[in-house]
Amino acid sequence: MFNLDDLNTQQRSAVSHINGPLLLLAGAGSGKTRVITCRIAHLLQQGIPARQILAVTFTNKAAREMRERVHEMVGKAPQGMVIATFHALCLQILKSHIDRLGFKKNFSIYPAADQQRLVRELLRNLNSDSTQADADQVLWRISAAKNRMITADDYQAEPRDPLSALTAEVYPRYQKALKAYNAVDFDDLLVFSVQLLQRHADLLDHYRERFRYQMVDEYQDTNPVQYQLLKLLAGGHGNLCVVGDDDQSIYAFRGADVGNILDFEKDFPGAKVIKLEQNYRSTGHILAAANAVIGHNDKRREKVLWTDRGEGAKVRYLLAEDSEDEARLIVEQIHAQQYRSKLRYGDFAILYRTNTQSRAFEEQLRYDNIPYVLIGGQQFYDRKEVRDVIAYLRTIQNPADEVSLLRILNYPKRGIGEGSIDKIIRYSAEHEISLWKVLQKVAQLDEGVNERTAAAIADFVAFIKRFQQRFKQPLFLLDSLRELLEELKLGDEIYRQEKDPQVARRRVDNQNEILNSLAIYIERTAQPNLRGFLERISLADDEGPTKNDKESLLKVDAVTLMSLHSSKGLEFPIVFLAGMEEGFLPHKKSIYETFDIAEERRLCYVGITRAQQQLFLLGARQRRKYGKLEQREPSRFLSEIPEHIVHTEDSSEPGPESPELAAQSASNFFSNMSRMFGD
DNA sequence: ACTCATGATATTTTT
DNA sequence: TATCATGAGT
C-alpha cells in the first residue's frame, strides 16, 4: 500500500481528489507517474470498484508501466480496471460494436506500410504522374482530417491547393477500399469509436457508467478526436482527471492541440487545478536553464520548477568545428565523465532534433568501440521480411485483407505470374467479387488462366485454408506458426536473394523472432488466438525481445541515441543535446514555414529536462549539408539561458590543458588497455 | 527476376 | 552528399 506521507502537499491533494474534474499540471520530473498510481490506489482504498476505473495513456509503454506500478502498490493485479492506450481502448469498443458501422467483427487494422501502398495504388489509378511524396502527403492529409473528425464525405478541397484537391479525390476511395477489405486504419479506431458513442445513446450510457473514474496521461498531446472521446465519456459524472504539461506539448504536427490543456477549466467547469513544480530529477543549474528557456514562451501555464538538491554542475556548451568534431567531443566527454565518476554507458544519452543527425554519432561511437542503442528508425514490424510473415498471418485471419493477400500471392514464387494476377484483379473489380472469392473460383472453374497457374492458385488456396483450420486451435498456435515458416521456406528464399550472408542471417533471425513474440503473447494472455496476436502487433504492443525501451536499455548498458521527441518521459544522468543551432533547433521549417517557434522551444525544454546531473549542449560552426559546407549560427535558445549557469568551451581554442583532457587521455589509456586484454 | 542507374529528396511520428 | 524508390536493361 502507499503512504500519503511520502508525498508533497500538492501531490497529496491530487491523490486524495476523488470526484469532479481535476487538472494536474505536472512539470517535468515532478513525480507524475507516482501521483497517478497513488491516486488509483487511493480510489481503490476508498472502495471504488476497480472496474469503474479507466486510465488512458498514449504509449503502450506508459500503460504497461502504470499497470505494473499499480500492481506493486496494491499487491495484486488490477482486475477489471482498464489501463490502456487511446487506440487499445477504442479497439475494445469497436470489437464489440463495429457491426453497427457495417463492418464485420473480424476486421483488421491496417498498418502504415499498407496504407501507403493503398494510397499509391489509388493515386496511380487516378492520375499518371504522382510521386511517392504525393502519396505520403495525401495520406498525411487524410490522417490530419481524421484527427479533426472530418470524414471522407465532409472533406472539402482548399482552393488553389492541388494536394488537397488530390486528397479530396483519394480520401473517399481510400475509405471505400478499407471497408471492402473489412479493415480500419489507426485513426479510424478513434474516429469510429467517437461516431458510435455519438450515434448510439445506449452505448454512451453504457461506457459512462462503466468508467465512472477516468484518468488521462499526457493530456497536452490529445488531438480533437481524443478530446471528443473524453468529453463524451466524462459527460454526466465529470470524474475526469487529466495529467499533463503544456510546456511539453511537442506533437502539434500530428494534430495535438495544446488548447485542450489550456482550456480545461472552460471545458469542464468547476475543475480543480493543481500544479506540481517540485522536481525530483535534475540539479539546480539544469532546472534554471530549463525555466529560463521555457519562460520565453507566452500562452502557457506559468510553472517554475525547483529542487532541493542543490545547484549541481553548470550546463556546458561545447562549440564544435563540424558534425564529426561534435561527435568526437561527445565521446571525449563520455570518457572523461566515466573516468571521473563511476558511470555506465547506459547513463549517457545523445539527443538530437532530426534522425539523420544520428549518423555522425553512430560512426564515432563505433570507431571508439562504445556500445550504443539507436531508438527510432525502422521498427521491427516494418522490416520487409517480418511484414511478409505477418501478411501470411493476416491473410489467414482475414482473407478479405487484399493488400496482404497480394503481397504473398506469389511470394515465395509459386508460379502465379503478374499477368494472371492482373487478370484476377480485373475480374474481381468488374464483378465486384472479393479477390479471395475469385481465387477460389479460379481454382474450381479454371477461369481465364492457364492450367498450371490454376493449379498453383488451387494449391495456394488450399494452403491458406489448411492454416486457417490449424490456427483456429489455440493450443497449437506456436506449432502452427512454426509449421507455416517451415513450409514456406522463406529462409531459403532470403538466402537466395541476399548476397551478403550476414545480412541474410539477420533477416532470417528477424523472422524467427516473430515466433518469440508469439510465445510471449501466448504466455501472457488468458485466451490467446491469432486475432489477438495480430492486434497486439498492429498496436505495436509487443513485448518481444526487440523491444526498444528503457528496460532493455538498462540490460545492454549502452549509450542511447534518440530524437528529442522520443526522449520525452525518460531521464539520464548525463545528456548531450546536439545540434544547438539555428535551423536544427529551432528547425528551419519552423522558422520559415510553420512559424511555430514555441513548439521548438518546448522541444528544447524537453531535452534539457531529461538531464539529471550534467547537461551538455553542443553545436557546430559549420556543417555539410547536401554536399555543401554551410556556416551555422548558434541556436537562439542558447542566448535565453543566463550566462552564469553555462560554461562555454570552443573546440578550436583548446586553451590550457584542462583537467577533462587529462582525465580523458588517461581514460582512453585505460579503456584501450582493457580492450587489449579483453575485459 | 535481379542488378544497376537514375532522379527525387532530405523534421519530429507515442498508435 | 547519401539514401531511397522506381524503371530500364540484361
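Numbers restart at 1 for each chain; the letters A, B, ... are given by sequence-line order, proteins then strands.
B/dT11 sits 15 Å from C/dC4 when the P atoms are compared, rounded to a whole Å. Across the P atoms, B/dT12 and C/dA5 are found 15 Å apart, a figure rounded to whole Å.
Contact record, A/Leu409 with A/Arg414: O-NH1, 2.7 Å, taken as the closest heavy-atom pair.
Computed from coordinates, the A/Tyr592 OH to B/dT11 P distance equals 14 Å when rounded to whole Å. Between the C1' atom of B/dT12 and the CZ atom of A/Arg601 lies a distance of 18 Å, rounded to the nearest Å. Rounded to an integer number of Å, the gap from CZ of A/Arg120 to P of C/dA5 is 8 Å. Rounded to an integer number of Å, the gap from A/Phe584 CZ to B/dT11 C1' is 10 Å. Rounded to whole angstrom, the span from the CG atom of A/Leu374 across to the P atom of B/dT13 amounts to 11 Å. The CD atom of A/Gln116 sits 14 Å away from the P atom of C/dC4 (whole-angstrom rounding). The interatomic distance linking A/Ile597 (CD1) with B/dT11 (C1') rounds to 13 Å, in whole Å. Whole-Å rounding puts the A/Arg254 CZ to B/dT11 P distance at 17 Å.
The nearest heavy atom of DNA chain B to A/Asn410 and to A/Lys568 marks one nucleotide each, and the one closer to the 5' end goes with A/Asn410.
A donor-acceptor contact under 3.5 Å links the side chain of A/Arg353 to the base of B/dT12.
With 3.5 Å as the limit, one finds a donor-acceptor pair spanning the side chains of A/Ser566 and A/Ser563. No side-chain donor-acceptor contact under 3.5 Å links A/Lys231 and A/Gln226.
Among the protein residues, A/Asp221 comes within range of the nucleic acid bases, having at least one heavy atom under 4.0 Å from a base atom. Residue contacts for A/Tyr251: at a heavy-atom cut-off of 4.0 Å it reaches a base atom on one of the strands shown.
Phosphate proximity of B/dT13 to A/Ser566: present, with a side-chain N or O under 4.0 Å from OP1 or OP2. One finds a side-chain N or O of A/Asn355 lying less than 4.0 angstrom from the OP1 or OP2 phosphate oxygen of B/dT13. Between A/Arg624 and C/dA2 there is no side-chain N or O to OP1 or OP2 distance below 4.0 Å. Not one side-chain nitrogen or oxygen of A/Asn60 sits closer than 4.0 Å to the OP1 or OP2 atom of B/dT14. OP1 or OP2 of B/dT13 has at least one side-chain nitrogen or oxygen of A/Ser563 nearer than 4.0 Å.
Classification of the A/Tyr251-A/Phe253 ring pair by plane angle, with boundaries at 30° and 60°, yields tilted.
Using a 4.0 Å cut-off between charged side-chain N and carboxylate O, A/Lys146 and A/Asp185 make a salt bridge. A/Arg623 has no carboxylate O lying under 4.0 Å from a charged side-chain N of A/Glu630, or vice versa, which leaves the two without a salt bridge.
For B/dT13, the base is not stacked against the aromatic ring of A/Phe253, per a cut-off of 5.5 Å between centres and 30° between planes.
Among B/dT11, B/dT12, B/dT15, the nucleotide with an atom closest to any side-chain atom of A/His587 is B/dT11. Considering only side-chain atoms of A/His565, the nucleotide from B/dT14, B/dT12, C/dT6 that sits closest is B/dT12.
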